[in-house]
Number of protein chains: 2
Amino acid sequence: MAARLLIVEDDPALAELLIWHFEAEGYEVRHTADGEEALLLAAEETPDAIILDWMIENISGIEVCRRLRRVSETSAVPIIMLTARGEEEDRIRGLDTGADDYVTKPFSPRELIARLAAVLRRSRPALVGKTLKVEDIELDPTAHRVRRGGVEINLGPTEFRMLQHFMERPGRVLTRGQLVTGVWGNDSDIEERTVDVQIKRLRAALNIGGGKDVIRTVRSAGYSLG
Amino acid sequence: MAARLLIVEDDPALAELLIWHFEAEGYEVRHTADGEEALLLAAEETPDAIILDWMIENISGIEVCRRLRRVSETSAVPIIMLTARGEEEDRIRGLDTGADDYVTKPFSPRELIARLAAVLRRSRPALVGKTLKVEDIELDPTAHRVRRGGVEINLGPTEFRMLQHFMERPGRVLTRGQLVTGVWGNDSDIEERTVDVQIKRLRAALNIGGGKDVIRTVRSAGYSLG
DNA sequence: ACAGAAGTGTCATTTAAGTGTCATAGTTCG
DNA sequence: CGAACTATGACACTTAAATGACACTTCTGT
């Protein structure tokens with residue numbers, strides 16, 4: 001599963017360069033030059049990370065950053081800021097605003113790619129080939145394998161994606177809507193009730209060895225793991 | 001719950017400076033100058049983050065980093081590297097090795113603190129103040145969880161919204177009218193007396209462990225928390 | 001290509017949890 | 001004491017989630 005990236009950059013030349021490099025790295029890239037549009041896109045598609053230029057049209061990058069953090073859909077998405085200035089004050093303001101890292105222009109694409117990998121390693125370990133662990137459940141994304149208490153568990157594809165989605169966000173409550181877009185994809189017209197059924201199946205599969213239920217139902221909100 | 005930090009730094013002056021600053025920020029700090037000892041301490045105490053100098057005695061910081069990543073206890077702990085060099089190659093090697101961020105000497109403590117907060121925000125959001133706290137009650141909005149004195153408490157949706165509403169305005173007296181619009185929404189036609197009932201239910205839930213009542217009734221005005 | 005197995009989405013139904021209102025009992029304060 | 005409020009228990013009602021069944025699709029091995 002390729003990581004999805006949103007690049008917010010209003011210099012067309014730089015944008016193209018970035019898109020080219022990231023696509024070569026296997027990322028799925030969306031791009032906009034406009035801050036307002038960036039907010040919409042981000043909320044709609046919840047990318048795995050956002051590359052954000054400090055100075056863009058309409059609103060400043062820092063303001064975009066702040067607003068991304070305020071919206072619950074995007075509050076957890078890692079943000080890397082691109083900035084032309086090098087002063088420490090600016091750096092700190094960027095970080096306080098909620099950026100996860102910043103890269104000072106001029107930079108080499110290689111550096112930006114390394115930074116992005118580092119940031120993703122934290123937030124979405126599965127995208128960088130790490131096994132996920134929550135309580136006694138282990139999920140190896142590359143081997144497509146799940147174990148509970150050391151015992152291998154068999155999951156269908158949807159169950160697997162759903163479990164991975166949960167394990168990347170342990171403890172967090174996900175609404176049915178978030179699960180639909182996260183597990184089935186952005187443009188699927190799935191009944192929200194179907195989520196319930198899939199949850200039931202996932203539960204059944206995970207508890208097959210007699211373990212206690214690890215999926216918590218949060219009434220009128222959604223479900224969470226662990 | 002204070003975040004626990006491990007500082008690995010062999011320059012005594014710098015170490016002391018860092019310890020002083022981080023403790024002032026409320027972190028619980030452990031320190032060692034030795035690489036091997038750092039590995040032991042890290043595995044034993046699994047800190048919430050590690051500040052690691054690039055060049056230390058015995059083994060290089062980069063080697064420590066690599067080995068921290070290899071041990072399962074510490075493989076997920078965020079690492080910030082301190083480095084004296086500024087060359088890009090080194091930066092990238094540091095990140096590839098598994099460091100989550102690096103800071104180039106000389107740096108200001110303020111910057112390091114901001115970086116640390118950024119890194120922790122990713123890995124342990126609960127430690128960076130995303131949860132609301134009033135007296136011995138904690139409410140985590142993303143996990144949809146409430147604890148009193150460390151013990152988990154189960155709330156219905158309305159009770160949860162109501163508690164959150166109070167916790168966002170600690171100490172403030174809210175009239176029934178304000179509560180109706182705040183908790184039920186602007187356009188709800190709810191009896192004001194219903195607020196009383198919901199308050200009673202919230203109280204019952206919060207005092208389930210035998211704690212004293214934290215909701216104050218203000219006669220002819222409303223209610224307040226804390 | 002084909003049969004059988006495994007997996008998936010939807011619906012109707014059952015079960016459970018939470019909510020709003022009211023009548024009544026209890027408090028507070030002048 | 002009595003007026004004005006607030007607390008409480010009961011109950012009917014709403015809303016939400018779990019479940020079982022079933023038709024349909026996708027895989028898998030032959």
Side-chain angles (χ1 to χ4, degrees), chain A residues 139 144-146 152-166 173-208 211-225, chain B residues 139 144-146 152-166 173-208 211-225:
Chain A
L139 182 151
H144 234 262
R145 222 173 247 284
V146 176
E152 174 122 21
I153 283 184
N154 236 339
L155 295 182
T158 313
E159 287 154 27
F160 186 88
R161 285 200 310 280
M162 187 149 166
L163 179 60
Q164 177 166 343
H165 199 76
F166 272 116
V173 173
L174 301 170
T175 65
R176 292 188 174 69
Q178 290 173 324
L179 286 168
V180 167
T181 55
V183 175
W184 280 267
N186 264 312
D187 49 348
S188 66
D189 49 349
I190 288 287
E191 284 296 318
E192 292 212 337
R193 286 290 125 220
T194 300
V195 174
D196 299 29
V197 179
Q198 218 42 247
I199 286 275
K200 171 183 144 45
R201 287 169 180 157
L202 179 55
R203 273 176 169 152
L206 289 176
N207 300 344
I208 208 167
K212 74 171 205 307
D213 200 354
V214 281
I215 297 177
R216 187 171 62 115
T217 303
V218 181
R219 193 163 226 267
S220 80
Y223 298 91
S224 79
L225 176 74
Chain B
L139 183 150
H144 236 266
R145 244 172 226 286
V146 175
E152 173 122 22
I153 284 183
N154 236 337
L155 297 182
T158 314
E159 287 154 28
F160 186 88
R161 285 199 310 279
M162 187 151 164
L163 178 60
Q164 179 165 357
H165 198 77
F166 272 117
V173 175
L174 300 169
T175 66
R176 291 186 176 70
Q178 290 172 324
L179 285 168
V180 167
T181 55
V183 176
W184 280 266
N186 266 314
D187 50 347
S188 65
D189 49 350
I190 288 287
E191 283 295 318
E192 292 212 338
R193 287 290 122 218
T194 300
V195 174
D196 300 28
V197 179
Q198 221 38 252
I199 287 275
K200 169 186 143 42
R201 287 170 180 158
L202 179 55
R203 273 176 168 152
L206 289 176
N207 300 344
I208 207 166
K212 74 170 205 306
D213 199 354
V214 281
I215 297 177
R216 189 167 57 111
T217 304
V218 182
R219 206 181 153 82
S220 78
Y223 299 91
S224 80
L225 177 75

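Lettering of chains follows the sequences in order, A, B, ..., and the numbering in each one begins at 1.
Separating the OG1 atom in A:T181 from the CD1 atom in A:I190 is a distance of 11.5 Å, to the nearest 0.5 Å. Between the CG atom in A:L163 and the OG1 atom in A:T158 there is a gap of 12.5 Å [rounded to 0.5 Å]. Rounding to the nearest 0.5 angstrom, the gap separating the OG atom in B:S224 from the CG atom in B:L174 is 8.0 Å. Of the inter-residue distances, the one linking A:L155 atom CG with A:R201 atom CZ reads 13.0 Å to the nearest 0.5 angstrom.
Side chains of B:F166 and B:L139 form no contact here, defined as non-hydrogen atoms less than 4.5 Å apart. For the pair A:E159/A:I153, no side-chain contact is recorded, criterion being any heavy-atom separation below 4.5 Å from C-beta on. Side-chain contact between B:Y223 and B:M162 is absent, with no heavy atoms from C-beta onward closer than 4.5 Å.
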Response to the item:
Going 5' to 3' through nucleotides 6-13 of chain D and flagging B where a protein heavy-atom sits under 4.0 Å of the base, S where only the sugar-phosphate is that close, and - otherwise, we get BSBSB---
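Of all nucleotides in DNA chain C, those with any atom nearer than 4.0 Å to a heavy atom of chain A start and finish, going 5' to 3', at C:dG7 to C:dG18.
Judged purely by distance below 3.5 Å, without hydrogens or angles, the side chains of A:S220 and B:R161 never pair a donor atom with an acceptor atom.
Contacts of residues 181-190 of chain B with DNA chain C (heavy atom under 4.0 Å): B:W184, B:D189, B:I190.
Pairing each heavy atom of B:Q178 with each of B:H165, the nearest pair is O-NE2, 4.3 Å.
Note: CZ (A:F160) to P (D:dT26) measures 21 Å, nearest angstrom.
Within a 6.0 Å sphere centred on CZ of A:R145, other residues, nucleotides and ligands contribute 12 heavy atoms or fewer.
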